[in-house]
Novice: 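Here it is: the structure, laid out below.
This one's a predicted model, so the numbers in the text were calculated from it and none came from an experiment. The first residue of the sequence shown is numbered 1, and numbering continues consecutively from there.
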Amino acid sequence: MIERLSSAPPGGFDRRALSVAGIDLELVFDDTAMADDYCDILCHTAQSGPPSTHIFVLSRPDLIGLALPDLDQATCSPDQFQALAGAAGLRAAYPFQAQTWKFFDTARHIGVQLTASRAALPLWDATAPLRHHFHWMLDARSQRLVHAATLGHEGRGVVLFGAGGAGKSGTTLAGLSVGLKTVGDDYVALAMADACMAHPLFRVVKQDRSGLDRHPALREQTAHMDENWRGKVMFDPSDFYPDPFADQLRIGAVVLPHIAHAEHPLLRPAKAREAMLALMTSNLHQFPAEPETGMAFYARLLAKIPCFHLDLCGEARKNGLLLKRFIAAGFPQAGLRYDEALSDPIRSSRSNGRV
């Protein structure tokens, strides 16, 4: 299949050249509407050079004379499947969903996402397209695709870990409302060398209606939007906040948000093992049937960066202001308590109908 695709005539596909998290890509589609949707979601910039990686996104395999592969899962275990794929030089997602195949040639840097139709893709594809491929591409660079949220100011920031419902998205919106920036609310790319750097992948925030109620202007502006399969509204924060995305953030702290219904928010020190527990529930089981290298990556991360609990209050503005002061103060080891007398005013950003 990769041989066939790599030699296909250029006019047969819709080709998009872009750079995501520092990776120069050529995405090749057989469906222009799908190409537009994917490129709208991806947080991308212009390429710095020729593409190093090519990903074919195919939802009509019959157009190139290929049939969708079939797997007898009764006679091929996940471990056997991964052993066969690895022997062929491939990274592959075990086909836990029928009619969907995703694999990546690690030597030639060519990937394929093959489905019987676009409708066969998992529902989360609408918010995190090519998630498996980004995992493989980043892993090849000793980086990591992470299920997390981020907030920052002037190039420095925090990464927020926690299971669904912990308050990551609500905290992200709280930060954006007071002038902080993000590199992602759902999945981000993390790199660790001399420092831990976070890079954006997807231009999307998801929040349920109760969370939007804490932001009256945003609630009104998103009232017409449909909810996704998990009852959340999905939107590009650039439509509502001025310049909300940072190109990258140098991460200075791990934050574990918790909906505490406190009168005032509080940042207090956390133990590394508490952060690892949060990571295990939200990150370490994202890619079925693959040898898990995530534990070692996160252990290095938590050895370098201090961890904090964030006890959230019911007022989004206070939560955002506390994080803004925490980042500006250089991530004080003792944490930080909210003090109304020290908070700065919210910058006016209501121009052009924005929040």
Side-chain angles (χ1 to χ4, degrees), residues 37 40-43 123-124 126-128 147-153 157-160 162-188 198 200-246 249 255 257-265 310-327 338 340 343-355:
D37 290 344
D40 284 346
I41 289 288
L42 292 173
C43 200
L123 294 173
W124 54 255
T127 58
H147 184 213
T150 51
L151 283 169
H153 180 62
V158 300
V159 60
L160 295 91
K168 298 188 299 296
S169 295
T171 304
T172 302
L173 289 176
L176 294 179
S177 72
V178 298
L180 295 178
K181 294 184 182 294
T182 185
V183 295
D185 162 69
D186 196 17
Y187 289 96
V188 300
L201 294 170
F202 307 113
R203 304 182 62 87
V204 63
V205 168
K206 297 179 292 185
Q207 182 61 285
D208 56 29
R209 295 291 182 187
S210 62
L212 291 172
D213 285 342
R214 300 187 183 94
H215 304 268
L218 184 60
R219 176 189 61 204
E220 293 176 7
Q221 294 176 352
T222 58
H224 66 286
M225 295 183 175
D226 294 331
E227 298 172 7
N228 69 6
W229 75 102
R230 288 189 172 177
K232 295 185 177 182
V233 179
M234 182 184 82
F235 55 90
D236 183 341
S238 301
D239 294 336
F240 305 102
Y241 297 97
D243 194 24
F245 282 100
L249 289 173
V255 172
H258 165 63
I259 300 174
H261 305 288
E263 182 179 358
H264 301 296
L310 172 56
D311 298 330
L312 297 166
C313 76
E315 295 183 46
R317 169 181 170 275
K318 290 182 178 181
N319 297 327
L321 286 172
L322 179 64
L323 279 173
K324 188 174 183 179
R325 288 194 56 80
F326 178 69
I327 295 167
Y338 179 83
E340 187 73 43
S343 63
D344 56 355
I346 301 174
R347 295 177 180 177
S348 175
S349 57
R350 298 183 182 276
S351 60
N352 299 322
R354 290 183 171 185
V355 174

Novice: Apply side chain to side chain contact (heavy atoms under 4.5 Å, CB included) to the pair Thr171 and Leu312, showing each step before the final yes or no.
Specialist: CA-CA 8 Å; Thr171 304; Leu312 297 166; 3.6 Å; yes
Novice: Rounded at 0.5 Å granularity, tell me how far NE2 in His147 sits from NZ in Lys168.
Specialist: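 Spacing of NE2 (His147) from NZ (Lys168) equals 4.5 Å.
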Novice: From Lys324 NZ over to Ser177 OG, what is the distance, rounded to the nearest 0.5 angstrom?
Specialist: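 OG of Ser177 is found 9.5 Å from NZ of Lys324.
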Novice: Locate the shortest heavy-atom distance separating Asp311 from Ala260; write the atom from each residue and the value.
Specialist: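 Reported closest heavy-atom pair: CB-CB, 3.9 Å.
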Novice: Would you please name every residue forming a side chain to side chain donor-acceptor pair (under 3.5 Å) with Thr182, sequence neighbours left out?
Specialist: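 With sequence neighbours excluded, Thr182 shows a side chain to side chain donor-acceptor pair (under 3.5 Å) to Thr150, given in chain and number order.
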Novice: Return the set of residues passing side chain to side chain donor-acceptor pair (under 3.5 Å) with Arg214 (not counting sequence neighbours), or none when no residue passes.
Specialist: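 None.
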Novice: Sequence neighbours left out, what passes salt bridge (Lys or Arg N to Asp or Glu O under 4.0 Å) with Asp40? Give chain and number order.
Specialist: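 Per chain and number, Asp40 pairs via salt bridge (Lys or Arg N to Asp or Glu O under 4.0 Å) with no residue.
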Novice: Sequence neighbours excluded, which residues qualify as salt bridge (Lys or Arg N to Asp or Glu O under 4.0 Å) partners of Glu220?
Specialist: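 With sequence neighbours excluded, Glu220 shows a salt bridge (Lys or Arg N to Asp or Glu O under 4.0 Å) to no residue whatsoever.
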Novice: If you compare all heavy atoms of Pro265 against all heavy atoms of Asn319, which two are closest, and at what distance to 0.1 Å?
Specialist: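 Between these two residues, the closest heavy atoms are CB-OD1, 3.2 Å.
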Novice: Could you pull out all residues at least two apart from Asp236 that satisfy side chain to side chain donor-acceptor pair (under 3.5 Å)?
Specialist: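 Partners of Asp236 under the side chain to side chain donor-acceptor pair (under 3.5 Å) test: Arg203, Ser238.
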Novice: Can you see which heavy atom on Gly184 is nearest to which on Val188, and at what distance?
Specialist: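 Shortest heavy-atom separation between Gly184 and Val188 comes out as CA-CG1, 3.6 Å.
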Novice: For the residue pair Pro257 and Leu160, what are the closest heavy atoms and their distance?
Specialist: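 Nearest pair, atom of Pro257 first, then Leu160: CG-CD2, 4.1 Å.
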Novice: Could you list all the salt bridge (charged side-chain N to carboxylate O under 4.0 Å, His left out) pairs where at least one residue sits in residues 177-186, not counting sequence neighbours?
Specialist: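 Listed by first then second residue: Lys181-Asp243, Asp186-Lys206.
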Novice: For Arg209, what residues pass the salt bridge (Lys or Arg N to Asp or Glu O under 4.0 Å) criterion, not counting sequence neighbours?
Specialist: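 Salt bridge (Lys or Arg N to Asp or Glu O under 4.0 Å) check on Arg209 returns Glu227.
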Novice: Considering all heavy atoms of both residues, which atom of Ile327 and which atom of Gly152 are nearest to each other, and what is their separation?
Specialist: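 Closest approach of Ile327 to Gly152: CD1-CA, 4.0 Å.
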Novice: Please determine whether side chain to side chain contact (heavy atoms under 4.5 Å, CB included) holds for the pair Val204 and Phe235, giving the CA-CA distance in whole Å, both sets of side-chain angles, and the decisive distance to 0.1 Å.
Specialist: CA-CA 5 Å; Val204 63; Phe235 55 90; over 6 Å; no
Novice: With side chain to side chain contact (heavy atoms under 4.5 Å, CB included) as the criterion, how do Val205 and Tyr241 come out once you've worked through the C-alpha distance, each side chain's angles and the decisive distance to 0.1 Å?
Specialist: CA-CA 12 Å; Val205 168; Tyr241 297 97; over 6 Å; no
Novice: Parallel, tilted or perpendicular, judged at 30° and 60°: which one describes the rings of Tyr338 and His264?
Specialist: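 Plane angle under 30°, so parallel.
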Novice: Mind checking the CG-OG1 spacing from Leu180 to Thr172? Nearest 0.5 Å is all I need.
Specialist: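 One gets 10.0 Å once the value is rounded to the nearest 0.5 Å.
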Novice: Assess whether side chain to side chain contact (heavy atoms under 4.5 Å, CB included) is satisfied between Leu310 and Phe326, documenting all intermediate values.
Specialist: CA-CA 11 Å; Leu310 172 56; Phe326 178 69; over 6 Å; no
Novice: Could you tell me which residues satisfy side-chain contact (heavy atoms from CB on, under 4.5 Å) with Glu315, sequence neighbours excluded, listed by chain and number?
Specialist: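 For Glu315, the residues satisfying side-chain contact (heavy atoms from CB on, under 4.5 Å) (neighbours in sequence not counted) are Cys313, Lys318.
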Novice: With sequence neighbours left out, write down each residue that passes salt bridge (Lys or Arg N to Asp or Glu O under 4.0 Å) with Lys232, or none if nothing qualifies.
Specialist: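 Applying salt bridge (Lys or Arg N to Asp or Glu O under 4.0 Å) to Lys232 gives none.
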Novice: About how many Å separate CD of Gln207 and CG of Leu173, when rounded to the nearest 0.5 Å?
Specialist: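 Result: 5.5 Å between the selected atoms.
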Novice: What closest approach, in Å, do Leu218 and Thr222 show between heavy atoms, and which atom pair accounts for it?
Specialist: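 Of all heavy-atom pairs spanning Leu218 and Thr222, the closest is O-OG1, 2.8 Å.
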